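The structure displayed is predicted, hence computed values, not measured ones. Proteins get letters first, then strands, A, B, ... in listed order; numbering begins at 1 in each.
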Number of protein chains: 2
Amino acid sequence: MSLIFSRQCEYALQAVLYLALKPHNEMTSIKELTRRLDIPYHFLAKILQDLTRKGLLSSLKGPTGGFALGMPAKDITLFHIVEAIDGVDFMHSCVMGFPECTGKNPCAVHEKWAGLRDGIYTMLVSKNIAEMAKNMRKPEYQSA
Amino acid sequence: MSLIFSRQCEYALQAVLYLALKPHNEMTSIKELTRRLDIPYHFLAKILQDLTRKGLLSSLKGPTGGFALGMPAKDITLFHIVEAIDGVDFMHSCVMGFPECTGKNPCAVHEKWAGLRDGIYTMLVSKNIAEMAKNMRKPEYQSA
DNA sequence: GAATATTCGGATATTTTAGTCTTAATATAA
DNA sequence: TTATATTAAGACTAAAATATCCGAATATTC
Ligand code: FES
Ligand code: FES
């Protein structure tokens, strides 16, 4: 089970952060991304196409083609990516699965969860993806 | 998309908390639970059987049969339920989907996430289900 | 003992998510 | 202009999660 974010969304986060380490306007192919990040080729292709349609990435066909960020890295946060792929329902959903999540009729853990959820939001928006990418200590991202 | 916990697990949490409000050794039928909590009958039946096999609930067949807690409410936490249904992988998984989640090769949000994850754990273990159930302000649980 | 109300167990069905394949479009370079 | 390397798009398949169905077992009540 993936937690909070769908598999698609996890892959999107990984891929966009990888692109954020690349020099501006350098195109990166799906092939390179899947090789480095170990993501199924065609699945990632779909995800990148999706992100491109939504403006987060730009793409170019042909040799020397590939994908790059669709806007300056400093204007993109992880939240934008999550928003594009999974949507933001998690920001106002009950962690116990009840249909409503409000302070009006809170479930047993609503107060705690509301705080944690804010923490998750902060985690996703506090830094842009350029800063985020620099903080990756994963071997997949070394000398990208 | 359900968040963190599977749908099954959400239903389990809701149902066990409902049982925690009942007098000791009073049996509650699936029928009552599904009516009050709006959970698909046969699906809930499966989940309760599962929890019974794992000792969290006890069951009795026949008229006046049903389900009840398998041990004192004060000895059960939400974490026990999550553990029984979804398992505890979420406690040591990377929120960005990387294969490893350690301080050794942290992803960009590892520190933040590790803290939030502890918060989730605390949320699940800080009170037993008797106290939890009393804090439910959902109409489904009134005069249970 | 018969009728009834429940859980039990396993098979099946449906829906969603994940992943694959194939063909077309396009850009580059020889 | 031709060969090639890429993305684009959509159909397809596979797997997992969710949900349903049915017959058997069992306990209660009459
Ligand atoms: S009502 Fe459950 S988390 Fe808000
Ligand atoms: S490595 Fe990503 S959350 Fe721990």
Exercise. Between A:E100 and A:C94, is a side-chain contact (heavy atoms from CB on, under 4.5 Å) present by the stated rule, with each step listed?
Worked result: CA-CA 7 Å; A:E100 298 279 319; A:C94 173; over 6 Å; no
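We find the CH2-CZ distance between B:W113 and B:R117 to be 7.0 Å, quoted to the nearest 0.5 Å. Here B:E10 contributes atom CD and B:Q8 contributes atom CD; the two are 11.0 Å apart, rounded to the nearest 0.5 Å.
With rounding to whole Å, A:M27 atom CE is found 19 Å from D:dA5 atom P. If you take NZ of B:K46 and P of D:dT18, they are 14 Å apart, rounded to a whole angstrom. Rounded to an integer number of Å, the gap from CD1 of A:I47 to P of D:dT7 is 14 Å. One interatomic measurement links the two molecules: OH of B:Y11 to P of D:dT18, which rounds to 8 Å at whole-angstrom precision. Atom CZ in A:F43 sits roughly 17 Å away from atom C1' in D:dA8 (whole-Å rounding). Put simply, CG on B:D50 is 14 Å from C1' on D:dA17, counting in whole angstrom units. Following rounding to the nearest Å, B:L44 (CG) and D:dA19 (P) show an atom-to-atom distance of 11 Å. Put simply, CG on A:D86 is 13 Å from C1' on C:dA18, counting in whole angstrom units.
Applying the salt bridge (Lys or Arg N to Asp or Glu O under 4.0 Å) rule to A:K31 yields no partners; only residues at least two apart in sequence or on another chain are considered. Here B:M27 pairs with B:S58, B:L60, B:A68 under the side chain to side chain contact (heavy atoms under 4.5 Å, CB included) rule; sequence neighbours left out.
Not a single donor-acceptor pair under 3.5 Å links the side chain of A:R137 to the backbone N or O of B:G103.
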I'd like a table of donor-acceptor pairs (distance under 3.5 Å, sequence neighbours excluded) in which one partner is a side-chain atom from residues 119-127 of chain B, with atom names and distances.
{"residue": "B:T122", "atom": "OG1", "partner": "B:D118", "partner atom": "O", "Å": "2.9"}
{"residue": "B:S126", "atom": "OG", "partner": "B:T122", "partner atom": "O", "Å": "3.1"}

Taking only distance into account, with no hydrogens and no angle test, what donor-acceptor pairs under 3.5 Å do side-chain atoms of residues 39-50 of chain B form with protein atoms, sequence neighbours excluded?
none

Review item, nucleotides 5-8 of chain C N/O atoms under 3.5 Å of protein N/O:
{"residue": "C:dT6", "atom": "OP2", "partner": "B:K31", "partner atom": "NZ", "Å": "3.3"}
{"residue": "C:dT6", "atom": "O2", "partner": "B:G62", "partner atom": "N", "Å": "3.3"}
{"residue": "C:dT7", "atom": "OP1", "partner": "B:I30", "partner atom": "N", "Å": "2.9"}
{"residue": "C:dT7", "atom": "O3'", "partner": "B:S59", "partner atom": "OG", "Å": "3.4"}
{"residue": "C:dC8", "atom": "OP1", "partner": "B:S59", "partner atom": "OG", "Å": "2.5"}

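Proximity of B:L78 to B:L17: side-chain heavy atoms (C-beta onward) are separated by under 4.5 Å at one or more points.
Direction of the helix axis in the helix from C:dG1-D:dC30 to C:dA30-D:dT1 shifts by 0° between the two five-pair termini, rounded to 10°.
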